[in-house]
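Lettering follows sequence order; numbering is per chain, from 1.
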There are 2 protein chains.
Amino acid sequence: MRAALLPMAFDDGVFPAGCPSRTLLDHVTSKWGVLLLIALSEGEQRWSDLRRRAEGISEKMLAQTLKTLERDGLVSRKAQPVIPPRVDYSLTDRGYELSALLVPLAAWAFDHAEEIINGAVPAK
Amino acid sequence: MRAALLPMAFDDGVFPAGCPSRTLLDHVTSKWGVLLLIALSEGEQRWSDLRRRAEGISEKMLAQTLKTLERDGLVSRKAQPVIPPRVDYSLTDRGYELSALLVPLAAWAFDHAEEIINGAVPAK
DNA sequence: CGGGATCCCTGCGGATACTG
DNA sequence: CAGTATCCGCAGGGATCCCG
C-alpha cells in the first residue's frame, strides 16, 4: 500500500531548501503557471487568448508568468513585427512533456472539486 | 502533436475564476502542499518528521497546510493522547490517488532542474 | 512534542496609465 | 494588440512566545 513510489534519492531531490528543483517546481505549480501550461497544451495561442482562458489573470501576471516559463524553456514565444502586433505562444517539447503530467492533475482536481470543497468529505 | 489531450469541457473546468477546481488546485499545488503530499506518499509520518523533510517550512505553515489538506480529505490525522503527544499523518485513499499524479511531476522537476535553472536552456 | 496565538513585515500581485 | 512601468495595498507567511 505504501510501496516505493518515489524514485529514491528523493531526499536529496525536491526536499532540500534552495535546491534548483524547488525553484522549478514553484514556477510550474504557481497559481497561473499551471493554468497557462494546461491552456497551451491545446496548442499555440495568442496573448489575448491566454488572457481570456486564464480567467482572472492580470496583464502583469500574464507577462511575468509567461516570461518565467519561457526562461525555463517550457514556452516559446513567436512575435511577428506587424501592425497591430501579433504574438503566439506555444509549448516547447519539454513543455509538452510537462503538460502531459499537469493535465491529469487538473482533471483530477476538476473531478473531485465539488465533493471536496463543499465540506462533503466522506472522511476516513 | 497537439492532440486532444484535454478532457473536453475543460473550459468550464479549471479555467473559470472562482470555481471549486481552482481552489482545490491551489491547495494541492501550493508551495508546501506539494512537498507534504509527496513526503506522505512514502507512508505515515509524524509532525516532526514532516517538519524536517519539508526543509525550510515554518511551524505555522506546516500546521496550516496540513489542516487544509485534512479538510480536503487528502490527509488523515491520528493524535494519541499520550505525554509527550504523538500525532501521525498519513494520506487518505484519495490522497494516494493524488500523490500518484504529483510524484511524477516532482521527479520530472528533479530531472530537469539543473539544466533548466542554470540558464543552460537548449532553446527551441 | 505538537501545536495555538500574536506581532510584524515583505513581496506578490492588482489597478492604472502609457507606448510601439 | 501586446506589452512595459509605476504605485501601492494587503494578506501570506516568518519569528517568537506560550500552553497542554
Spacing of [X] atom [atom1] relative to [N] atom [atom2], expressed in whole Å:
X: B/D49; N: C/dC1; atom1: CG; atom2: P; result: 11 Å
X: A/R52; N: D/dA2; atom1: CZ; atom2: C1'; result: 13 Å
X: A/Q80; N: D/dA2; atom1: CD; atom2: P; result: 10 Å
X: A/L62; N: D/dA2; atom1: CG; atom2: C1'; result: 10 Å
X: A/K67; N: D/dA5; atom1: NZ; atom2: P; result: 7 Å
X: B/E55; N: D/dG14; atom1: CD; atom2: P; result: 14 Å
X: A/Y89; N: D/dC1; atom1: OH; atom2: C1'; result: 11 Å

Any donor-acceptor pair under 3.5 Å from [X] side chain to [Y] backbone:
X: B/S21; Y: A/A113; answer: no
X: B/S76; Y: B/L91; answer: no
X: B/E44; Y: B/S90; answer: no

Please list each protein N or O that sits under 3.5 Å from an N or O in nucleotides 10-16 of chain C, with the distance.
unit_1 : atom_1 : unit_2 : atom_2 : d
C/dG13 : N7     : A/K60  : NZ     : 2.6
C/dG13 : O6     : A/K60  : NZ     : 3.3
C/dG14 : OP2    : A/S58  : OG     : 2.8
C/dG14 : O6     : A/K60  : NZ     : 2.6

Problem - Distance test, side-chain N/O of B/R86 to OP1/OP2 of C/dG2, below 4.0 Å - result: no
Exercise for the section: Look at the side-chain N and O atoms of A/R46 and state whether any lies under 4.0 Å from the OP1 or OP2 oxygen of D/dC1. Expected result: no
Exercise for the section: Would you mind reporting whether B/L36 and B/L62 have side-chain heavy atoms less than 4.5 Å apart? Expected result: yes
Fill in the blank from the handout: The single option from A/T68, A/L74, A/T65 that satisfies side-chain contact (heavy atoms from CB on, under 4.5 Å) with A/H27 is A/T68
Handout entry: Side chain of B/W47 - closest among C/dC1, D/dA2, C/dG2
Key = C/dG2
Exercise for the section: Could you name each residue pair satisfying salt bridge (charged side-chain N to carboxylate O under 4.0 Å, His left out) that touches residues 96-108 of chain A, not counting sequence neighbours? Expected result: none
